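Below is one structure, written out as structure tokens; comments come after it.
In each ligand, atom 1 is the first atom listed, and ligand 1 is the first ligand listed. Fair warning: this is a prediction, and the values are worked out from it, not measured in the lab. Scope of the values below: all heavy atoms of this structure, side chains included, with no hydrogens, waters or symmetry mates.
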Amino acid sequence: MILVDIYDMASWWTLVIALQVIVISTYFFWSKKKSKQYDPLCNGKAVEWNPIPIVEHDVTIEEPPLMGKIDDNVLNVGSSSFLCLDKEEYIIDGALKALDKYGVGSCGPRGFYGTIDVHLDLEERLAKFLEVEETCVYSYGFSTIASAIPSYAKKKDIIFADECVWFAIQKGIDASRSTVRYFKHNNMDDLEEMLAEAQRKRELNPRRRAFLIAEAIYFNTGEVCPLKRFVQLARKYKLRIILDESLSIGVVGKHGRGLTELLDVPRDEIDLIVGSLEHSFATIGGFCAGTHFMVEHQRLSGLGYCFSASLPPMLTQAAISALDIIESKPVILEELSEISKKLNSALSRLKHFTFRGDEISPVKHIYLKKDDLTDRLKHSYLRNITNYCMEKGVAMTVAAYLRDVEVNCPEPSIRLTSSRKLTDDTISLICSLLDEAYEKVGPKPELQPV
Ligand SMILES: *[C@@H]1O[C@H](CO)[C@@H](O)[C@H](O)[C@H]1NC(C)=O
């Protein structure tokens with residue numbers, strides 16, 4: 001009896017499946033026939049379709065976005081390869097070997113078949129170098145901090161950030177949708193006032209995470225963060241610190257471990273350190289460093305980490321090789337810091353310009369002394385000055401900002417970088433050339449009424 005029932009059931013299911021097969025195949029048959037009848041290329045309008053150019057023919061480009069390739073015989077003081085590792089044979093050879101072994105790309109994000117042994121090596125090496133528990137490597141410097149911030153800070157949280165933070169941090173803060181307060185640049189009194197007021201208004205409370213965000217060396221001003229005060233305030237008001245050490249790791253400190261090493265601030269006082277591989281390390285990418293607890297969180301919630309293809313293996317290898325060099329020859333860091341200091345004393349003697357940037361900072365900003373001009377005009381003069389210098393064999397760059405999008409758009413400046421290749425002679429050449437360019441293409445002095 002039961003057997004018969006099962007048999008009946010089986011045949012019933014066979015019938016259902018057979019019917020489904022018939023329906024599906026009829027559908028495909030008809031849809032194929034239909035698509036044969038209607039060919040958009042012949043019957044439709046596609047044949048007559050003429051693509052419209054994306055831009056009109058005679059667009060004049062006021063400001064070409066890139067300078068193009070810079071010759072080797074030009075002295076480049078716009079590039080942020082401070083340690084000049086970009087021409088190092090050892091790094092190039094290593095990268096080429098990695099290219100032979102792994103091919104160009106990594107084929108996927110880290111969590112989706114894009115993790116290759118060199119990535120794990122680099123993360124381990126960076127963690128050892130910085131003396132932290134763990135690091136994670138991103139494939140693009142900008143997206144490192146822009147992803148790291150929103151992976152911790154959420155809508156209900158509050159962020160206190162320096163008003164001069166660079167664009168990637170601003171974007172990270174935007175993406176977090178947290179409440180944000182910008183304090184005056186490097187002004188710890190202003191920050192403390194702001195924190196005290198927030199506490200009075202009960203904006204700082206245990207139900208809400210609060211963050212302090214700053215750069216160790218500010219990309220937009222070349223100035224160094226007063227990290228000790230910063231850490232004290234964070235401890236007093238129970239804030240978490242996210243510190244962007246992009247311009248200080250591989251630059252300052254006895255071993256190049258950044259501002260924390262230079263100022264002797266224990267690394268575990270900083271909740272998350274973010275660094276870049278695009279300056280001293282002369283490759284591409286960025287990393288986050290901290291405790292296992294902090295870093296691991298990003299492997300699932302750092303958007304740039306989860307959803308971007310991982311760093312190409314050859315560029316990862318280049319970062320490992322750069323670390324080899326920095327670890328084995330820390331003397332190059334001393335050379336760099338000597339040159340940064342010398343650059344400061346030379347720049348302070350400029351006739352027509354003022355500048356900003358701490359002695360230890362490899363980035364300096366040069367401003368026109370004449371300040372009764374609009375920003376647009378200043379920018380135009382500075383660009384003409386850099387063009388003049390370029391013709392004379394020194395490549396510099398005018399700092400580029402998205403004027404209407406920046407939180408606090410900085411004054412137009414020439415962003416000059418120090419690097420190991422500069423000598424006393426080249427430094428004085430740069431300075432005299434800047435003044436010469438000003439006299440040739442800069443603003444003309446007003447005629448004095450007689
Ligand atoms: C910069 O140079 C261009 C081209 O020579 C010139 O048209 C422009 O007026 C100059 N800018 C200023 C502010 O003098």
Side-chain angles (χ1 to χ4, degrees), residues 53-81 163-164 166-167 170 185 218-223 343-344 346-357 361-419 422 426-450:
I54 293 174
V55 288
E56 301 294 328
H57 286 298
D58 45 354
V59 178
T60 50
I61 300 170
E62 267 178 37
E63 291 175 16
L66 296 172
M67 271 177 128
K69 192 171 180 329
I70 291 175
D71 275 346
D72 281 346
N73 54 10
V74 166
L75 177 65
N76 186 347
V77 282
S79 133
S80 62
S81 170
E163 64 181 4
C164 285
W166 74 296
F167 197 56
Q170 295 172 28
H185 181 46
Y218 286 88
F219 194 56
N220 287 351
T221 66
E223 286 168 350
L343 199 55
N344 263 39
L347 290 177
S348 64
R349 288 193 295 270
L350 282 173
K351 256 192 280 168
H352 302 289
F353 303 90
T354 57
F355 81 102
R356 228 166 150 185
S361 160
V363 169
K364 325 277 182 197
H365 283 264
I366 296 172
Y367 308 91
L368 292 174
K369 247 185 202 162
K370 190 175 164 60
D371 61 359
D372 54 348
L373 303 168
T374 61
D375 277 0
R376 185 175 277 277
L377 211 53
K378 277 184 192 165
H379 186 89
S380 171
Y381 279 125
L382 289 173
R383 187 166 277 280
N384 288 2
I385 287 168
T386 52
N387 287 346
Y388 182 89
C389 294
M390 184 70 189
E391 276 166 24
K392 303 273 169 176
V394 179
M396 305 178 187
T397 176
V398 179
Y401 304 107
L402 289 172
R403 198 140 283 286
D404 307 324
V405 192
E406 300 262 352
V407 168
N408 179 21
C409 192
E411 189 188 332
S413 63
I414 295 176
R415 191 174 53 232
L416 206 72
T417 56
S418 81
S419 62
L422 297 182
T426 47
I427 289 175
S428 54
L429 171 80
I430 293 163
C431 292
S432 57
L433 193 59
L434 271 169
D435 275 333
E436 181 187 321
Y438 183 93
E439 275 149 27
K440 287 270 159 47
V441 296
K444 296 281 164 283
E446 279 117 55
L447 292 173
Q448 298 295 324
V450 187

In the protein, what heavy atom is nearest to atom 14 (O) of ligand 1, and what distance, to one decimal place, separates them? Y381 CE2, 3.3 Å

Just need the protein heavy atom nearest to atom 1 (C) of ligand 1, so name the residue and atom and give the distance. N384 ND2, 1.5 Å

Name the closest protein heavy atom to atom 13 (C) of ligand 1, giving the residue it belongs to and the distance to 0.1 Å. S380 OG, 3.2 Å

Hey, would you say the Y438 and F353 ring centroids sit under 6.0 Å apart? yes

Heavy-atom distance from atom 10 (C) of ligand 1 to the protein below 4.0 Å? yes

Give a yes or no on this: more than 12 heavy atoms of other residues, nucleotides or ligands lie within 6.0 Å of atom NZ of K392. no

Spacing of CG belonging to D371 relative to OG1 belonging to T354, to within rounding of 0.5 Å: 8.5 Å

Below 4.0 angstrom, counting only protein heavy atoms, does anything approach atom 7 (O) of ligand 1? no

Could you verify whether a donor N or O on one side chain and an acceptor N or O on the other, from E411 and H365, lie under 3.5 Å apart? no

Check whether the side chains of H185 and T221 place a donor and an acceptor atom closer than 3.5 Å, and report yes or no. yes

